[in-house]
Colleague: 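Below you will find the structure I want to go over with you.
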There are 2 protein chains.
Amino acid sequence: MPVSDLTNSAQDYLKLIWTATEWSETPITVTVLAERMRVRPSTASDSIKKLKDQGLLIHAPYGTIELTPAGSAHAVDMVRRHRLLETFLVQVLGYGWDEVHDEAEVLEHAVSDTMIERIDQRLGRPTRDPHGDPIPSADGQPHRPGAIQLCHAEPEGEVTVVRISDADPAMLRYFSDIGLTPDAKLTIQKQRPYTDTTTITLSGQQKNIDLGPTASNAVWVT
Amino acid sequence: MPVSDLTNSAQDYLKLIWTATEWSETPITVTVLAERMRVRPSTASDSIKKLKDQGLLIHAPYGTIELTPAGSAHAVDMVRRHRLLETFLVQVLGYGWDEVHDEAEVLEHAVSDTMIERIDQRLGRPTRDPHGDPIPSADGQPHRPGAIQLCHAEPEGEVTVVRISDADPAMLRYFSDIGLTPDAKLTIQKQRPYTDTTTITLSGQQKNIDLGPTASNAVWVT
DNA sequence: CTTCAATGTTAGTCTTGCCGAACTTGGGTG
DNA sequence: CACCCAAGTTCGGCAAGACTAACATTGAAG
């Protein structure tokens with residue numbers, strides 16, 4: 001595992017680029033990257049150039065952004081740290097699965113490799129974090145279950161929630177309230193193409209729930 | 001508790017100034033502060049001025065350095081974080097008491113107030129860290145046991161180790177090896193004034209141990 | 001094929017924290 | 001009592017990372 005001499009912000013960029021393509025094929029743009037980093041596009045553009053100069057990504061001006069193997073290795077290391085920390089906060093410190101993201105975001109830059117190893121050991125080498133995201137192993141292999149977004153799943157079938165994007169804490173809190181968590185089973189009642197709404201029923205519950213486009217994009221099922 | 005909008009380095013200065021006077025009366029100097037922060041005196045001097053401008057300490061040029069109540073509150077908060085984290089690393093993640101200092105040094109800036117509260121709760125609100133240093137309570141009260149340095153204790157008596165300075169990790173490892181830990185009992189055999197050596201016997205062990213000036217300064221007993 | 005709005009880039013500036021070099025202070029010694 | 005040296009300070013500079021403003025490119029719509 002690369003022991004990082006990169007700045008926190010460089011690590012964040014690499015992680016963001018990596019995770020952007022983890023569950024979808026569309027390449028990430030400078031603008032989206034800037035939004036996620038809560039930074040102006042000019043800043044993101046600068047940073048990209050610096051990362052390119054360090055050989056961590058490939059990028060021609062106005063072109064697509066792609067990680068090199070070196071950049072990818074750093075990114076996977078950060079993702080692993082983030083997800084192990086989230087799991088640790090839930091299992092050892094009693095955090096709710098909707099509360100851990102921001103804490104892990106900071107901690108992932110602060111903990112040593114030693115501490116990550118001890119956490120991994122203490123948790124019994126887990127393979128999925130509290131949102132259902134796969135935790136890459138220490139040798140850098142991600143562990144990707146086949147899954148599709150709820151908004152693309154066929155109506156009528158019963159499906160299992162595999163993964164919920166942790167991008168928006170408020171949305172996570174909502175999912176938590178209604179009982180939509182990783183491993184929950186649900187039936188898709190209806191898709192409404194023009195409003196992008198999906199109606200579902202959580203197994204064992206009576207009432208239907210309407211999910212808007214953002215929500216039904218964030219939930220991945222098999 | 002002050003929720004800190006200070007930079008990491010400002011927090012470090014305040015903590016260092018506070019701890020410098022925790023176990024001794026001699027006021028800290030710019031040079032010592034610079035050494036402990038691993039920066040040049042010019043940098044330390046700059047930083048002191050900035051902290052003065054923020055009302056966190058009192059300092060006339062070429063004069064002594066003293067914390068204001070506001071500065072002291074921030075410092076105590078950082079000390080509390082540091083010591084709770086050290087305790088957590090030992091008790092929950094199985095660290096040795098000689099390994100925790102550097103890890104806690106970084107983490108103390110990264111963990112949220114929420115996480116500190118959960119750790120405190122999880123540990124049962126401890127009052128002493130693994131080195132025997134008092135953990136200030138959440139309301140900012142330090143908790144100072146009466147103690148003196150081993151080099152100032154009277155020979156012949158049996159004393160109890162209360163606290164070992166965590167300034168030097170290598171020294172801690174040595175103490176750990178010979179079994180000199182907080183709460184250990186020992187007998188002081190001899191003081192040699194000119195070499196500043198102290199000879200002790202750990203209770204239940206046969207052999208005498210010679211401690212040099214640095215070591216016998218770092219150990220506090222009652 | 002032209003135009004133009006969205007996207008991306010460059011240039012210049014600010015802040016923080018660090019440095020080295022040069023200057024100032026002030027307490028102890030001859 | 002003057003001097004000197006260690007301790008402390010000031011100053012100019014540098015790098016990282018952020019910003020604003022201005023400029024460049026692309027590609028999609030007319």
Side-chain angles (χ1 to χ4, degrees), chain A residues 3-17 20-21 24-67 71 74-75 78 105-106 108-110, chain B residues 3-17 20-21 24-67 71 74-75 78 105-106 108-110:
Chain A
V3 174
S4 237
D5 47 356
L6 298 174
T7 62
N8 288 0
S9 108
Q11 293 172 341
D12 283 338
Y13 279 103
L14 295 175
K15 188 185 61 165
L16 229 44
I17 295 166
T21 50
S24 93
E25 299 303 317
T26 49
I28 193 155
T29 64
V30 171
T31 306
V32 171
L33 209 41
E35 273 164 20
R36 303 246 172 103
M37 288 290 291
R38 295 159 184 277
V39 135
R40 297 290 164 189
S42 60
T43 306
S45 186
D46 269 356
S47 305
I48 300 269
K49 196 163 39 162
K50 281 176 196 156
L51 292 169
K52 195 205 71 184
D53 293 345
Q54 292 174 76
L56 297 168
L57 51 79
I58 298 165
H59 174 62
Y62 302 98
T64 57
I65 299 163
E66 208 179 330
L67 295 177
H74 281 290
M78 293 315 293
E105 198 68 29
V106 179
E108 67 191 17
H109 301 295
Chain B
V3 173
S4 235
D5 47 356
L6 298 174
T7 62
N8 287 0
S9 110
Q11 293 171 342
D12 283 338
Y13 279 103
L14 295 174
K15 188 185 61 166
L16 229 44
I17 295 166
T21 52
S24 95
E25 299 303 316
T26 49
I28 193 154
T29 65
V30 171
T31 306
V32 171
L33 209 40
E35 273 164 18
R36 302 246 173 104
M37 288 289 294
R38 295 159 183 277
V39 296
R40 298 290 164 187
S42 60
T43 306
S45 187
D46 271 355
S47 305
I48 299 274
K49 195 163 42 161
K50 281 177 196 154
L51 292 169
K52 196 206 69 183
D53 292 345
Q54 293 175 75
L56 298 168
L57 51 78
I58 298 166
H59 175 63
Y62 302 100
T64 56
I65 299 163
E66 209 181 327
L67 296 177
H74 281 290
M78 293 315 293
E105 197 69 28
V106 180
E108 67 192 16
H109 301 294

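Naming: A, B, ... by sequence-line order, numbering from 1 per chain.
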Colleague: Considering only distance and modelled atom types, tabulate donor-acceptor pairs under 3.5 Å from the side chains of residues 37-48 of chain B, sequence neighbours left out.
Modeller:
residue	atom	partner	partner atom	Å
Ser47(B)	OG	Tyr13(B)	OH	3.2
Ser47(B)	OG	Thr43(B)	O	2.9

Colleague: Please list, chain by chain and in numerical order, all residues satisfying side chain to side chain donor-acceptor pair (under 3.5 Å) with Thr64(A), sequence neighbours excluded.
Modeller: none
Colleague: Between atom CD1 in Ile28(A) and atom P in dT7(C), what is the gap in whole Å?
Modeller: 14 Å
Colleague: Atom CG of Leu33(B) and atom P of dT9(D): how far apart are they, to the nearest Å?
Modeller: 11 Å
Colleague: Going by the rule side-chain contact (heavy atoms from CB on, under 4.5 Å), which residues pair with Val106(B) if we only count those two or more places apart in sequence or in a different chain?
Modeller: Ala110(A)
Colleague: What string of B, S and - do you get for nucleotides 10-25 of chain C, 5' to 3', if B is base contact, S is sugar-phosphate-only contact and - is no contact with any protein heavy atom under 4.0 Å?
Modeller: B-----SSSBBB--BS
Colleague: Round to a whole Å and report the spacing from CG of Asp5(A) to P of dA15(D).
Modeller: 18 Å
Colleague: Please determine which of Leu67(B), Leu6(B), Ile17(B) meets the side chain to side chain contact (heavy atoms under 4.5 Å, CB included) test together with Leu56(B).
Modeller: Leu6(B)
Colleague: Looking at CD of Gln54(A) and CG of Asp5(A), how far apart are the two atoms once the value is rounded to the nearest 0.5 Å?
Modeller: 8.0 Å
Colleague: To the nearest Å, give me how far apart NE2 (His59(A)) and P (dT7(C)) are.
Modeller: 15 Å
Colleague: Would you mind reading off the distance between Asp53(A) atom CG and dT9(C) atom P, rounded to a whole angstrom?
Modeller: 13 Å
Colleague: With sequence neighbours excluded, tell me which residues meet side-chain contact (heavy atoms from CB on, under 4.5 Å) with Glu105(A).
Modeller: Asp12(A), Lys15(A), His82(A), His101(A), Glu108(A)
